[in-house]
Number of protein chains: 2
Amino acid sequence: MAKLIAERADVIPQLAEIFRTYGFEGASLARITEGTKLGKGSIYHFFPGGKEEMAAAVLSEIDGWFSVNAFLPLREEALAAQGISRMFDEVQRYFLSGRKVCLVGVFALGNERDRFGAAVKAYFKEWVEALTAALVRNGRDAASATDLAEEVVAGIQGGLVLARALNQPKVFVRMLDRLKLRCA
Amino acid sequence: MAKLIAERADVIPQLAEIFRTYGFEGASLARITEGTKLGKGSIYHFFPGGKEEMAAAVLSEIDGWFSVNAFLPLREEALAAQGISRMFDEVQRYFLSGRKVCLVGVFALGNERDRFGAAVKAYFKEWVEALTAALVRNGRDAASATDLAEEVVAGIQGGLVLARALNQPKVFVRMLDRLKLRCA
DNA sequence: GTCTATAAAGCGATAGAC
DNA sequence: GTCTATCGCTTTATAGAC
């Protein structure tokens with residue numbers, strides 16, 4: 001019988017899903033081996049540092065995804081307005097229109113912030129700064145751009161919380177629409 | 001030596017603090033006995049249902065606090081604008097100006113939502129509805145009131161996430177100020 | 001790279017003395 | 001109402017065969 005050989009990179013999205021669902025402490029190795037269809041041996045082969053290394057790898061991948069798909073357009077799109085619009089589209093797509101939660105937000109609220117505080121902080125800082133810069137390029141003064149960028153990033157996170165609490169993904173979509181409008 | 005006798009009601013705020021800090025799965029009995037200065041025997045005497053009953057009691061107490069201090073003013077203050085203002089003040093005070101996190105929000109994001117989904121949903125539903133009613137009493141049409149209420153509650157939660165992620169409580173205070181202004 | 005077996009520690013919960 | 005001792009289970013992590 002043929003045997004599937006996994007690669008480290010293949011496992012990370014599965015780990016992300018598990019951490020998102022159960023949090024860091026709730027993501028037991030039993031759940032991890034079940035979710036990845038890999039034995040403990042394989043998991044520890046890829047991540048000798050255990051759960052801590054797994055979570056760090058996941059955070060790093062998430063940050064990479066946002067850097068490329070959301071922050072880069074904000075910074076480099078020739079027309080700032082188009083970069084902002086692109087960011088909103090990618091965010092809506094990434095969070096499955098409110099059916100998927102933000103792992104970095106989950107870690108920010110929990111005590112995981114102590115272990116991964118630097119990564120969590122960097123992710124949000126980068127987001128706010130890139131959006132601020134785009135808003136400035138779009139004609140706003142620095143003060144109101146900072147203010148609005150903060151409001152948008154917080155609003156996105158809050159939209160995810162409320163959408164999930166009420167079990168109404170559309171709450172998140174409505175939130176995005178309002179914020180989009182305010183950036184115009 | 002005199003012995004301190006605890007009451008169930010005294011323990012609940014301490015439990016709230018522990019669940020807020022570590023989440024449901026992270027709140028081990030070791031942390032609970034340490035945080036409450038009570039033995040397992042005493043804890044299980046108060047909460048025979050174990051952690052599940054503890055968390056339910058905490059959620060119930062939080063809901064009670066908000067009902068009295070935030071939702072009631074929204075519904076019953078003679079001047080709607082004053083009820084809204086009062087809600088914002090109480091919220092800022094409750095969350096220690098951004099230094100304290102919302103346990104219901106934490107549970108909403110995590111898989112605790114499965115166990116406590118009803119309580120989580122009821123809390124946010126009540127909040128949005130009470131604020132909507134106050135905004136209508138304050139002269140808004142129903143549609144824009146619903147919209148704004150949703151934005152405010154989500155914004156508050158997002159403000160808490162971002163403030164904690166950046167380790168800047170003032171981010172939360174600024175968020176409240178913006179939302180307050182928008183309700184005026 | 002994958003698996004099974006296993007170790008050592010921590011977990012939630014219970015029992016029973018005081 | 002409080003405490004200590006203990007049960008049975010799950011946890012993370014390691015070892016070693018394949």
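Convention: sequence-line order gives letters A, B, ...; per-chain numbering from 1.
At least one donor-acceptor pair closer than 3.5 Å links the side chain of B:T21 to the backbone N or O of B:E17. B:R31 places a side-chain N or O within donor-acceptor distance of the main-chain N or O of B:G26, the cut-off being under 3.5 Å. At distances below 3.5 Å, not a single donor-acceptor pair connects side-chain atoms of B:R140 with backbone N or O atoms of B:T146. A donor-acceptor pair is defined here as one N or O able to donate and one able to accept, closer than 3.5 Å; no such pair exists between the side chain of B:R8 and the backbone of B:I43. Using modelled atom types, no side-chain atom of B:R113 and backbone atom of B:F107 make a donor-acceptor pair closer than 3.5 Å.
Atom P of nucleotide D:dT12 and atom CG of A:L15 are separated by 13 Å, given to the nearest angstrom. Protein atom CD of A:E53 is 11 Å distant from nucleotide atom P of D:dA13, rounded to whole Å. The distance from atom CZ of B:R115 to atom P of C:dG12 is 11 Å, rounded to the nearest whole Å. In this structure, the CD1 atom of A:I18 is 12 Å from the P atom of D:dT12, given to the nearest Å. Distance CD (B:E25) to C1' (D:dC9): 15 Å, rounded to an integer number of Å. Taking atom CD1 of residue B:I43 and atom P of nucleotide D:dT2, one finds them 9 Å apart after rounding to whole Å. In this entry the distance linking CZ of B:F47 with C1' of C:dG12 reads 16 Å, nearest Å. The OH-P distance, from A:Y22 to D:dT11, rounds to 12 Å in whole Å.
Distances were taken from every side-chain heavy atom of A:H45 (C-beta onward) to each of D:dT11, C:dT2, D:dT12; the shortest belongs to C:dT2. Side-chain atoms of B:L38 lie closest to D:dT2 of the nucleotides C:dG1, D:dT2, D:dT11. Listed nucleotides C:dC11, C:dG1, D:dT11 differ in distance to B:A30; the shortest reach to its side chain belongs to C:dC11. When each of C:dT14, C:dG1, D:dT12 is scored by its nearest atom to the side-chain atoms of A:Y44, the top-ranked nucleotide is D:dT12.
Residues A:L29 and B:K37 both approach DNA chain D. Their nearest nucleotides, taken by heavy-atom distance, put B:K37 toward the 5′ side. Nearest-nucleotide positions on DNA chain D for A:R31 and B:G39 put B:G39 closer to the 5' end.
For D:dG1, neither phosphate oxygen OP1 nor OP2 lies less than 4.0 angstrom from any side-chain nitrogen or oxygen of B:S42.
Nucleic acid contact class of B:K40 (heavy atoms, under 4.0 Å, all strands): base. Note on A:G41: a base of the nucleic acid sits closer than 4.0 angstrom, heavy atoms only.
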